[in-house]
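Following: one structure in structure tokens, then a few remarks.
In what follows, chains are A, B, ... by sequence order, proteins preceding strands, each numbered from 1.
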Protein chains: 2
Amino acid sequence: MNALFKALSHPVRRRIIDMLRKGPMASGDIAAAFDMSWPTITGHLNALKEAGLVSPEREGASIRYRLEISAVEEALAFLLAMTGARRRDSGDKT
Amino acid sequence: MNALFKALSHPVRRRIIDMLRKGPMASGDIAAAFDMSWPTITGHLNALKEAGLVSPEREGASIRYRLEISAVEEALAFLLAMTGARRRDSGDKT
DNA sequence: AGACTAATTAGGAAAAATCCTAAATGCAAG
DNA sequence: CTTGCATTTAGGATTTTTCCTAATTAGTCT
């Protein structure tokens, strides 16, 4: 859970996630979309992979990264518990 | 938006948020719940405040922190856009 | 005022994250 | 097998985060 939120805490990684919403992408294409070196993007992809947010799959010579939406849903559930399951000190509504 | 996710990316800060779900708490009481120094907790409370996740209010000699649920909802909306919505260009500036 | 309590700020050490260039790896095609 | 392409790993400099102790501010109560 911590790796998940940590992965979400960097703007580049959130943008990568956003890009992958449309479908899997090769890491070269991802790297090309940023004004950063490719190894730096690899590092961010690794952080996302550790968090379970993306998974790599070989496609011929290149490697595509796919967004794992279930991991996003985990974080979502955590935040939902905060808003939805909130109680006031005088009452408890189900 | 970045300060928000960054604030959520530390386990102590998430636990503080969880504690505040039941209602506002004095920072001393929050600090007492952790095996860390009080100044360290003050630092985490500041990170949460910067992110808009909590707001302090004086109560006599002590200061209570209240959870600002609307900030949580902001993060929630971001993640919801990732899972549920397939609309293009949600317009966030991360 | 003076003592006491609640909480923050200051200063700094240690650990982690970020980002780079250079070198290495894995794959495919000639 | 060799050459080249796509990507990752290694090593290191810089910045940021985290956490501590000590000192300080802000408020309360005799």
Side-chain angles (χ1 to χ4, degrees), chain A residues 1-20 22-68 71 75, chain B residues 1-20 22-68 71 75 93-94:
Chain A
M1 173 66 88
N2 196 46
L4 177 54
F5 274 104
K6 219 156 185 182
L8 289 167
S9 78
H10 195 285
V12 165
R13 291 193 290 261
R14 286 198 301 278
R15 195 171 136 206
I16 289 175
I17 290 176
D18 195 51
M19 290 168 71
L20 294 182
K22 303 188 187 72
M25 277 178 82
S27 68
D29 292 339
I30 298 172
F34 292 88
D35 194 18
M36 310 181 90
S37 75
W38 194 339
T40 294
I41 298 300
T42 291
H44 285 307
L45 286 171
N46 268 332
L48 291 168
K49 190 173 62 179
E50 299 276 310
L53 277 162
V54 304
S55 57
E57 36 188 69
R58 193 129 221 150
E59 168 80 357
S62 51
I63 293 174
R64 285 183 315 178
Y65 281 84
R66 173 193 308 278
L67 178 60
E68 294 294 337
Chain B
M1 173 66 86
N2 197 45
L4 178 54
F5 275 104
K6 220 158 183 181
L8 288 168
S9 78
H10 196 286
V12 164
R13 292 193 288 262
R14 286 199 302 277
R15 194 170 137 207
I16 289 174
I17 290 176
D18 195 52
M19 292 169 70
L20 294 182
K22 303 190 188 70
M25 277 179 80
S27 68
D29 292 339
I30 298 171
F34 292 89
D35 193 19
M36 310 181 92
S37 75
W38 194 338
T40 293
I41 299 301
T42 291
H44 285 305
L45 285 171
N46 267 334
L48 291 167
K49 189 173 64 179
E50 298 277 310
L53 278 162
V54 304
S55 57
E57 35 188 70
R58 193 130 220 149
E59 167 80 358
S62 51
I63 293 174
R64 286 183 314 178
Y65 280 85
R66 172 194 308 278
L67 178 61
E68 293 295 337
K93 41 175 176 233
T94 55

- Item | Student check: side-chain heavy atoms of B/F34 and B/I16 closer than 4.5 Å |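 Counting from C-beta outward, B/F34 and B/I16 do come under 4.5 Å.
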- Query: Is any side-chain heavy atom of A/L20 less than 4.5 Å from a side-chain heavy atom of A/M25?
  - Reply: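 Yes, close enough: below the 4.5 Å cut-off.
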Using whole Å, report how far [atom1] of [X] lies from [atom2] of [N].
X: B/I41; N: D/dT21; atom1: CD1; atom2: C1'; result: 15 Å
X: B/E59; N: D/dA26; atom1: CD; atom2: C1'; result: 15 Å
X: A/L45; N: C/dC19; atom1: CG; atom2: P; result: 13 Å
X: A/L8; N: C/dA17; atom1: CG; atom2: P; result: 15 Å
X: A/M36; N: D/dT15; atom1: CE; atom2: C1'; result: 13 Å
X: A/L48; N: C/dT18; atom1: CG; atom2: P; result: 11 Å
X: A/N2; N: D/dT18; atom1: CG; atom2: P; result: 10 Å
X: B/I63; N: C/dT5; atom1: CD1; atom2: C1'; result: 12 Å

Selected nucleotide, minimal atom distance to [X] side chain, candidates [options]:
X: A/H10; options: C/dC19, D/dA26, D/dC19; answer: C/dC19
X: B/T40; options: D/dC19, C/dC27, D/dA6; answer: D/dC19
X: B/K6; options: D/dA6, D/dT16, C/dT18; answer: D/dT16

- Message: Let me spell it out: for each of A/P39 and A/A61, pick the nucleotide of DNA chain D with the closest heavy atom. Which residue's pick is nearer the 5' end?
- Response: A/A61
- With side-chain contact (heavy atoms from CB on, under 4.5 Å) as the test, would you mind laying out the steps for B/I41 and B/S27 before giving the verdict? CA-CA 8 Å; B/I41 299 301; B/S27 68; 5.9 Å; no
Distance check: side-chain N/O of [X] vs OP1/OP2 of [N], anything under 4.0 Å?
X: B/S27; N: C/dT8; value: yes
X: A/H44; N: C/dA17; value: no
X: B/Y65; N: C/dT8; value: yes
X: A/R13; N: C/dT18; value: yes
X: A/S37; N: C/dC19; value: no
X: A/T42; N: D/dT8; value: yes
X: B/N46; N: C/dA7; value: no

- Residue closer to the 5' end of DNA chain C, A/R58 versus A/W38 (nearest nucleotide):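 Taking each residue's closest nucleotide, the earlier one in sequence belongs to A/W38.
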- Task: Would you check if the side chain of A/R15 reaches a backbone N or O of A/A33 as a donor-acceptor pair within less than 3.5 Å?
- Result: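 Here the side-chain-to-backbone pair exists.
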- Does any N or O in the side chain of B/R58 come within less than 3.5 Å of the main-chain N or O of B/I63, such that one atom is a donor and the other an acceptor?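 It does not hold such a pair.
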- Return the minimal non-hydrogen interatomic distance between B/L67 and B/L53, and the atom names on each side. CD1-O, 3.4 Å
- Partner residues of A/H44 under the side-chain hydrogen bond (donor to acceptor under 3.5 Å, both in side chains) criterion, sequence neighbours left out: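 A/H44: side-chain hydrogen bond (donor to acceptor under 3.5 Å, both in side chains) contacts with A/R13.
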Touch check for [X], heavy atoms < 4.0 angstrom, all strands: base, sugar-phosphate only, or nothing?
X: B/A47; answer: nothing
X: A/A31; answer: nothing
X: A/G43; answer: nothing

- With sequence neighbours left out, the residues meeting side chain to side chain contact (heavy atoms under 4.5 Å, CB included) with B/N46 are B/T42, B/K49
- Query: Looking at five pairs on each end of the helix from C/dA1-D/dT30 to C/dG30-D/dC1, what is the angle between the two axes, given to 10 degrees?
  - Reply: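 The two end axes of the helix from C/dA1-D/dT30 to C/dG30-D/dC1 meet at 20°.
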